[in-house]
S.K.: 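Can you read through this structure? Questions will come right after.
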Amino acid sequence: TIINSNAYTNRVFCSYINHALYQFRSDGETMSGIYLGNSTVADPLGQTMAIAENVETLLVTDCIPGDYPPTHPEGQSDFFKDRRPELYEQLTSKTMTMNKDASTYIYPSNPNDRDD
């Protein structure tokens, strides 16, 4: 799953928490949703440590970093040094050039201040 992949990639314990069963509004009668549960905890090696079924559950897991060896060879593969921010620079830019007429759009600092 994506939780396990994120745990392994970032070398951290990772968890996903979700409601289980039915969720009612504050009036106690109106149902606001049905939730699947499936809460999970993954270790730095990407292995599932605990997973909940679709019932009310309290997951308790011992997350002890010293129990896990490095996931990548020390000094040979560094996630942060291997990043290439120039590849996603356009995604985080505050300006965009329109393809049709080559005009430039500048994103507002506050998204609520757009001129649509």
S.K.: If you group Ile, Leu, Val, Met, Phe, Trp and Tyr whenever their side-chain heavy atoms sit less than 4.5 Å apart, what else falls in with Ile3?
M.R.: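 Its cluster partners, ordered by chain and number, are Ile2, Tyr16.
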S.K.: Can you sort out the partners of Tyr107 under ring-ring contact (aromatic ring centres under 6.0 Å, His included), two or more places apart, ordered by chain and number?
M.R.: Tyr105
S.K.: Apply side chain to side chain contact (heavy atoms under 4.5 Å, CB included) to Ser26 and list each qualifying residue two or more places apart in sequence or on a separate chain.
M.R.: none
S.K.: Could you pull out all residues at least two apart from Ser32 that satisfy side chain to side chain contact (heavy atoms under 4.5 Å, CB included)?
M.R.: Gln23, Arg25
S.K.: Regarding Asp27 and Thr30, do their side chains bring together a donor and an acceptor under 3.5 Å, going by distance alone?
M.R.: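 Side chains of Asp27 and Thr30: pair found under 3.5 Å.
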S.K.: Phe13 versus Met49: any side-chain heavy-atom pair under 4.5 Å?
M.R.: yes
S.K.: Is Asn10 reaching over with its side chain to a backbone N or O of Val12, donor-acceptor style, under 3.5 angstrom?
M.R.: no
S.K.: Does Leu21 sit in a hydrophobic cluster with other residues, and if so which ones, taking ILVMFWY side chains as linked at heavy-atom separations under 4.5 Å, directly or through other members?
M.R.: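 Its cluster mates, by chain and number, are Tyr22, Phe24, Met31, Ile34.
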S.K.: Are Pro44 and Tyr8 packed together at the side-chain level, in the sense that at least one heavy-atom pair is separated by less than 4.5 angstrom?
M.R.: no
S.K.: Sequence neighbours left out, what pairs pass side-chain hydrogen bond (donor to acceptor under 3.5 Å, both in side chains) with at least one residue falling in residues 41-65?
M.R.: Asn4-Thr48
S.K.: Between Gly37 and Asn18, which heavy-atom pair has the shortest distance, and what is it?
M.R.: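 Heavy-atom minimum between the residues: O-CB, 3.2 Å.
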S.K.: Filter on ring pair (Phe, Tyr, Trp, His ring centres under 6.0 Å), then keep only pairs touching residues 29-48, sequence neighbours left out; what's left?
M.R.: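 Found His19-Tyr35.
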S.K.: What are the two closest heavy atoms between Ser39 and Ile17, and how far apart are they?
M.R.: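 For Ser39 and Ile17, the tightest heavy-atom pair comes out as OG-CA, 3.5 Å.
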S.K.: Listed by chain and number, what are the side chain to side chain donor-acceptor pair (under 3.5 Å) partners of Asp67, not counting sequence neighbours?
M.R.: none
S.K.: Taking side chain to side chain donor-acceptor pair (under 3.5 Å) as the definition, give me every residue that meets it alongside Thr104, ordered by chain and number, with sequence neighbours left out.
M.R.: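 Side chain to side chain donor-acceptor pair (under 3.5 Å) check on Thr104 returns nothing, list empty.
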S.K.: Taking ILVMFWY side chains as joined if any heavy atoms are under 4.5 angstrom apart, and letting links pass through other members, which residues group with Ile64?
M.R.: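 None, because no other hydrophobic side chain comes under 4.5 Å of this residue.
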S.K.: List in chain and number order the residues that pass side chain to side chain contact (heavy atoms under 4.5 Å, CB included) with Leu36, two or more places apart in sequence or in another chain; answer none if no residue qualifies.
M.R.: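 Result, side chain to side chain contact (heavy atoms under 4.5 Å, CB included) vs Leu36: Asn38.
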S.K.: So, for Ala50 and Thr40, which heavy atoms are closest and what is the spacing to 0.1 Å?
M.R.: O-OG1, 3.1 Å
